[in-house]
Amino acid sequence: KQEKQAADDTIRIGYVSALSGDTALWGQAGLNGMIMTAEKINAAGGVLGKQIEVIGLDGRGDPMDSVNAYNKLIDEYKVVAVVGTNFSSCNIPIAAVSDVKKVPVIATAASNDLVTVDEKGKLHPYSFRLCFIDSFQGGKMAEYMLDKGVKTAAILTNIGDSYSVGVSEYTIAAFKAGGGTIVAAEEANSGDNDFRAQLSKIAKSKPEVLFIPWIYNDVSLISKQARELGLKCQFVGFDGWDSMELPTLAEGALEGAVFCSRPGFSTPEAKAYGVEYQAKFNIGLEAECLYGNDGILWLAQVIEEAGSYDPEAIRAGLENTTFFDGLLGEMENDPLTHNPKRELAIFTIKGADEVFVEMYN
Amino acid sequence: MLKINNLHAAYGGIKALKGVSLEVNEGEVVAVLGSNGAGKSTLLNCISSVVKPTEGSIEFLGNLVPKHDYDVVGTGLVHVPEGRQIFTHLTVRDNLLVGAYLRNDPKGIKEDLDRVHKLFPRLKERENQYGGHLSGGEQQMLAISRGIMARPKLMLLDEPSLGLAPIIVNQIFEIIKEINKAGTAIMIVEQNAFKALSICDRAYILNVGLIEKTGTREEILCDDSLSKAYLGE
Amino acid sequence: MTPVLEIKNVTKNFGGVRAIDDFSVKIEPGKIHGLIGPNGAGKTTIFNNITGILTPCNGTIIFDEKEITGKKPHEIAQYGIGRTFQNIRLFSNLSVLQNVILACSMDAQYNLIDAFIRSPRYRRMEKQISEKAMSLLESVGLDGNCDEIASKLPYGHQRKLEIARAIALNPKLILLDEPAAGMNADESAELVGFILEIKERHEFTVLMIEHHMDVVTNLCDYVTVLNFGKTIASGTPAEVKKNEHVIEAYLGGAEGC
Amino acid sequence: MFLQQLVNGISVGGIYALIASGYALIYSLLGFSNWAHGEVAMLGAYVALLFTASLQLPFIAAAIIGIGGAAIISFLNERLAYRRIRENKAPTMFLMIAAMGLSIVFQNGSMLLFGAKFQKFPPIMPVSSISIGSVHVGVLDLLTLAVAAVALIVLEIVITKTKFGLGIRAIASNTATAGLLGINTNKMFALVFAIAGALAGMAGVLLGLKYNVYPTMGNIGLKAFIASVFGGLGSVRGAIVGAIVIGVTEVMVSGYLSSGLRDLITFALLIIILLIKPSGLMGVSVEEKA
Amino acid sequence: MFSDYTQGIMIIACINMIAVLGISVLTGFTRLFSFGNAGFMSIGAYTSALLTAKMGMPFIPAILVGILFAGIAAYLLGSLTLKLKGDYFLITTLGFGEMVRVLFNYIPITGGARGLSGIPKYTTLPIAVICLVLAVIIAWTLIHSKYGRNFTAIREQEIAAESVGIDITRSKKMAFVFSAMFAGWAGALYAHNLMFLSPMMFNLAKSAELTITVVIGGLGSLTGSIFGSLVVTLLPEIFRSLANYRMFLYGLAVVLIIILRPAGLFGYREFSIRKSIAFVKAAPGTITALLKGKSSKDKMEARK
Ligand SMILES: Nc1ncnc2c1ncn2[C@@H]1O[C@H](COP(=O)(O)OP(=O)(O)OP(=O)(O)O)[C@@H](O)[C@H]1O
Ligand SMILES: Nc1ncnc2c1ncn2[C@@H]1O[C@H](COP(=O)(O)OP(=O)(O)OP(=O)(O)O)[C@@H](O)[C@H]1O
Ligand SMILES: [Mg+2]
Ligand SMILES: [Mg+2]
């Protein structure tokens, strides 16, 4: 274990996510993003004069495996903080463990409310996150559509994915509460690639809009199949749509669709980062890269401010962050819930572009 | 036509053949006799390349037998194995056709099919039944017929009378004689030594992996010690 | 005397094939009863109907005054009918001893709890079973081979092992399907002695299928001859051997092989 | 609506059928479920994609190369893995486990090679669907069904009517004796795997056109497995019928009951059918004779 | 004494071994295949977790109820499907596993895909080890009693087994229920180790992994299964930092083991000190023989 002890002039930061298996695309992207940013920080002199070393371990997207990886990072690699994962199902058990291990963990895209606060409402003091929570974006998007005068909506939920289930639940609730009618609430499952049964049914109910709380890959299939079946309504999405490639993948089926995302989605900084990323790793940018980037930047900011990289100091720093501006956009950490307060940005798809429409709050 | 020289074979550590040499000439019926476990089946398996000998050579029609069992039939040598080895999931008819797998003369195949149907009318009756559903004796008939379908120059028969009714046993030996008359040499392994000796030209007695005695039919029949051991009195 | 086994008007069809046709027979206790007939006459099918592997289309089978028609194979075995198979069916990857021990599970009258706590009852019975298996192997002359793998045994020994396994059920009736197949004259003669001996020792009745007429002649008290699933003759071996129908359908010109 | 759902169901079933046919072919020969079959389809799709996207070959040429590639990969599976296991005389279940291992290798290997991204074939069809009355029919679905139908007919004829088919069936029933009678078993295995691979490749390309190309697209092979069990293992006809039945059931359950319970109901139906017909819709079982 | 990480791995190894022992009895000794044991695991896991988390039941009774439910489910399923043969039976177990998963995803009380959290952490290393020891003892005694012998008889020759009076339906059902109960047991421990459950943890891949483990360890060997499960738990651990190569290497290892060790790591044998000494002594010889055999085979193929 000797060689695993960090040298005195480095600060070790861990990363856990699915680096293998069928969701490795995003896990890898997050790690790459972290590594690229860490290199930049190091080149600029590091943090507190020390170099940052990123250690990524695979958790396969499996909760138990991810907990093990988190423990291994702390016990064997002596990291001071961990970034990851992008799965609520992994971060909920990690949060419970972090209560004991007392090393802060910043979830990237794990959006379930329980990641930072347990079911009894008690805060997990060491668990943080970067993304919107399900209730926030679900509710906001429903309100946004109601504001636009939409009265009837359909929704297609991925019941195998906690993100989709969570977002759907809040979207439906808010849409109904605002006086709208959900004319069809259909379900499909992770791994499905044919949605025509559900879409035929949705088409029959003639909604004005269809909410699609899915990850962009699936969104492209759903939208194409919907158009093939003659479904003409507007499509509405959430931050799972967050990908530059979506318009191309959907081959025009998403023209005019709207979705919400973090404000930094199409800023020049984010685009420049994407170009740099593509050049370095020879692969397109994923939102997850930005999460990785923001995770490490946030930690760096907190460590600098605290002047210490003791996990306890980092925890306090993260908790009391009132302003952090990353590639995802500006945020403030809510010390009571550990959820980031950030604004919701609305985008629309035009041709091969995703165009910023407005901020919505 | 078949010439075996100093053949050795073993299963793991157990030596089943320890230097067997023998010959089968064109047009002959040769019997190989011996008690349980003497190595008779092993001998036939070596000839048809199912078992690889550890030592010695096997020549058929002047060439070494091919290395793979599936190339052996092509040289004109067919092995009707011990225990019938029917294709249980194939119909009786298909079983027979597999026997003629390497042949490309539909007319000849048809002729031979008629021939075996005449030899064993039961197979004709059961033509569309699964091989696995035949009675033991019927399977034995099928196995022999399948061998005939290959139109071999030399046929190796491993206990063809096993499990057959006496009347069929008699018929089988008649049939073997007939096949032989039609020009096929026969090498037959039998427990029914008496019957085997009644049709063969020459015989070899195998004992725990070694040829104990060889001679013409008459010589063997006259040998008292042998008739005692293998013919029962 | 009440018969050990009585088959009444049993019929069995396979699709269009009538393998057994209104067949009846009575097996007297303590006797060796032969069942012979041409290939495909339905002999093995009768065995399979008796042992429950097949269910007759018609008719009843009574064993030891109980009707066993349509019962499951294991139930019939538990009633006391043991059998061997035409194509030997041993537990091939197991040792000779294990083959016999497996057949003694009926002697093991203990339950799961006994097994888990290794109760005295469990120990006693397990010990009894091992001893029984060894003595059975001794009586068939395989005690020297008890650690060998069954499938590696020479053919004749495999047949004996099958018989030993059948006897392990403490059966009243044993069904032997061609026990002498693949044996030469000498070995067959030895088998005859062997069967007589174990029959005396273990006191069961035998119903056997056999094509070796010398074995049938030397062993059987009574013979039933079957053709196309029907009885064509019955009587002592000497009687049936003289029967014209039997000669025509089964024996052919030359008698005995 | 019902008609539309029926069309949806049949077209879902068509995709399953195409994979299931190759699956059944291998089962009919070796008596084992080749769990890597879906991954062969996936690799075929990637090969085709590579040739259209990077080398700018016309789609048809690339598709043919993809199909050939899948055939070669399938052949290599046999040659390098399955054959050795057969030669070890291991029980068939070992082949199945090896196939699972291979599917893990292929899935993760292609992730390493090509990345986990969805990739798209360049559009090849001017219209993606045609409308007959109020029913929308996908052009690709028609193509898929046509290919599946042709595959079915050809395979049926080959297996039941030709000498090659007789050889396959003989090997399936008793490999050792088939060899003894002059059937070159190694060659036959190689050929059958290549044919099954080509079928998989075809399925892969069609799947890729329809649903994009990505490393886990082979997971659909599970549905093919279920379809071929449903239809009767080893029966190509059964596999295809089973595939259509499953496709239609899935769609109907999703359309009229609940997508959440779709798999529950499909599997329940499968179990019920197996209880009534223990060897599938069209499978035959030759019971062992005692 | 051990770091949390090491303890975590050891606990998982124990849990996996318990589930694998169940499969070992089922597949190794009875030659029945199940791809549904993850389903039984999830039944054990959810039942016990709901009892402790929602109803405050103590751990041990909750485990017992979890085991019981898994057993009852297996009994009901087995009663219907055990007469099916080979892959037909396999697919019903696979289907069952998926059905359970879909069901747990669907019914509200489990929290569906969003998961069930707030499960108390009861599974500690000592408890896991005690459970494992208990499981080994139970499996061992079962296999070495008449019940285990009956399983083996079915594996070797069903028809002959029946003919010596073994009720094969009952024995198969027993093996099946037994394996399900062990799976349920493992599931209950799992739930109270992770403190969180979501249906996707008990997917087909998990079921397949259990069977792969038994085959790798050697069918018909309990010690082989235990050893195999150590290998399967530790292999990914060793490969963990290889990140994206991890599953690739794992799959490759599985294929290579199957090809190179056709009887599994242990074959039919059980581990014994005496034999292993003999094995170690013979090892150099075996290895050279293996190498030679391999090279001569390669030559043969080269000639072709
Ligand atoms: N597959 C095998 N593995 C191990 N030993 C074997 C194998 N096959 C045969 N033997 C052994 O080799 C020896 C010769 O067997 P073989 O089958 O050739 O005898 P056989 O003369 O044909 O006997 P039988 O009259 O019983 O058919 C016997 O001792 C037998 O036990
Ligand atoms: N499962 C089955 N399906 C169809 N036909 C069958 C089946 N089992 C047996 N038969 C037919 O029933 C007849 C009787 O078969 P059986 O096995 O009882 O004959 P046997 O008298 O034992 O003959 P052998 O002496 O040759 O063993 C045979 O003609 C056989 O083809
Ligand atoms: Mg022999
Ligand atoms: Mg018979």
Side-chain angles (χ1 to χ4, degrees), chain A residues 18-29 60 156-160 165 185-205 215-222 224-231 243 245-246 248-253 281-284 286, chain D residues 1-9 11-13 15-16 104 107-108 111-112 114-120 122-123 127-131 134-141 207 210-212 214-217 219-220 222-223 247-263:
Chain A
L19 301 179
S20 70
D22 50 4
T23 50
L25 171 60
W26 295 289
Q28 290 282 348
R60 279 188 300 161
L156 179 63
T157 311
N158 177 357
I159 54 162
V165 172
E186 289 300 310
E187 295 159 340
N189 217 326
S190 304
D192 286 0
N193 45 22
D194 202 294
F195 305 92
R196 283 176 292 183
Q198 294 88 337
L199 292 169
S200 294
K201 229 166 130 184
I202 289 171
K204 211 177 145 229
S205 69
I215 305 300
Y216 67 87
N217 277 339
D218 301 305
V219 174
S220 71
L221 291 178
I222 292 170
K224 275 197 280 186
Q225 288 170 19
R227 293 298 184 228
E228 262 179 44
L229 287 169
L231 187 66
S243 164
E245 282 176 59
L246 180 58
T248 340
L249 275 175
E251 298 177 53
F281 296 104
N282 194 25
I283 182 174
E286 297 285 335
Chain D
M1 166 85 165
F2 175 78
L3 219 56
Q4 179 66 56
Q5 293 293 29
L6 192 66
V7 168
N8 294 344
S11 65
V12 170
I15 285 280
Y16 294 165
I104 297 175
Q107 227 176 64
N108 290 280
M111 224 167 282
L112 292 173
F114 312 113
K117 272 189 142 29
F118 267 37
Q119 304 198 36
K120 214 160 56 61
V127 283
S128 60
S129 78
I130 47 176
S131 309
S134 64
V135 176
H136 304 271
V137 186
V139 178
L140 267 175
D141 298 331
L207 261 174
K210 231 168 112 84
Y211 303 131
N212 298 340
Y214 49 98
T216 52
M217 66 189 276
N219 284 346
I220 201 171
L222 176 66
K223 288 287 167 59
V248 171
T249 311
E250 282 189 0
V251 167
M252 289 299 170
V253 173
S254 299
Y256 291 99
L257 290 164
S258 149
S259 309
L261 293 176
R262 184 195 65 193
D263 288 353

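Note that the structure is predicted; figures quoted are calculated from it, not measured.
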Nearest-0.5 Å distance, [atom1] of residue [X] to [atom2] of residue [Y]:
{"X": "D:Ser134", "Y": "A:Leu229", "atom1": "OG", "atom2": "CG", "answer": "11.0 Å"}
{"X": "A:Ser220", "Y": "D:Asn212", "atom1": "OG", "atom2": "CG", "answer": "5.0 Å"}
{"X": "A:Ser20", "Y": "D:Leu112", "atom1": "OG", "atom2": "CG", "answer": "9.0 Å"}
{"X": "A:Gln225", "Y": "D:Tyr211", "atom1": "CD", "atom2": "OH", "answer": "5.5 Å"}
{"X": "A:Leu199", "Y": "D:Asn8", "atom1": "CG", "atom2": "CG", "answer": "9.0 Å"}

Under 4.5 Å heavy-atom distance to chain D, tell me which part of [X] shows up: side chain, backbone, both or neither.
{"X": "A:Leu249", "value": "both"}
{"X": "A:Glu186", "value": "side chain"}
{"X": "A:Lys201", "value": "both"}

Please find the pair of heavy atoms, one from [X] and one from [Y], that lie closest to each other, and give the distance.
{"X": "D:Gly138", "Y": "A:Glu228", "answer": "CA-OE1, 4.3 Å"}
{"X": "A:Asn193", "Y": "D:Tyr214", "answer": "ND2-OH, 3.2 Å"}
{"X": "A:Ile159", "Y": "D:Gly260", "answer": "CD1-CA, 3.3 Å"}
{"X": "A:Thr248", "Y": "D:Lys120", "answer": "O-CE, 3.2 Å"}

Under 4.0 Å between a Lys/Arg side-chain N and an Asp/Glu carboxylate O for A:Glu286 and D:Lys117? yes
Side chains of A:Asn189 and D:Ser259: is there a donor and an acceptor less than 3.5 Å apart? no
Hydrogens and angles aside, do D:Ser11 and A:Arg196 bring a side-chain donor and acceptor to less than 3.5 Å of each other? yes
When only pairs under 4.5 Å are counted, which of D:Lys210, D:Glu250, D:Met252 shares the most heavy-atom pairs with chain A?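 Ranked by contacts with chain A, first place is D:Lys210.
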Looking only at A:Leu221, A:Asn217, A:Asp192, the option with the highest number of non-hydrogen pairs under 4.5 Å against chain D is A:Asn217
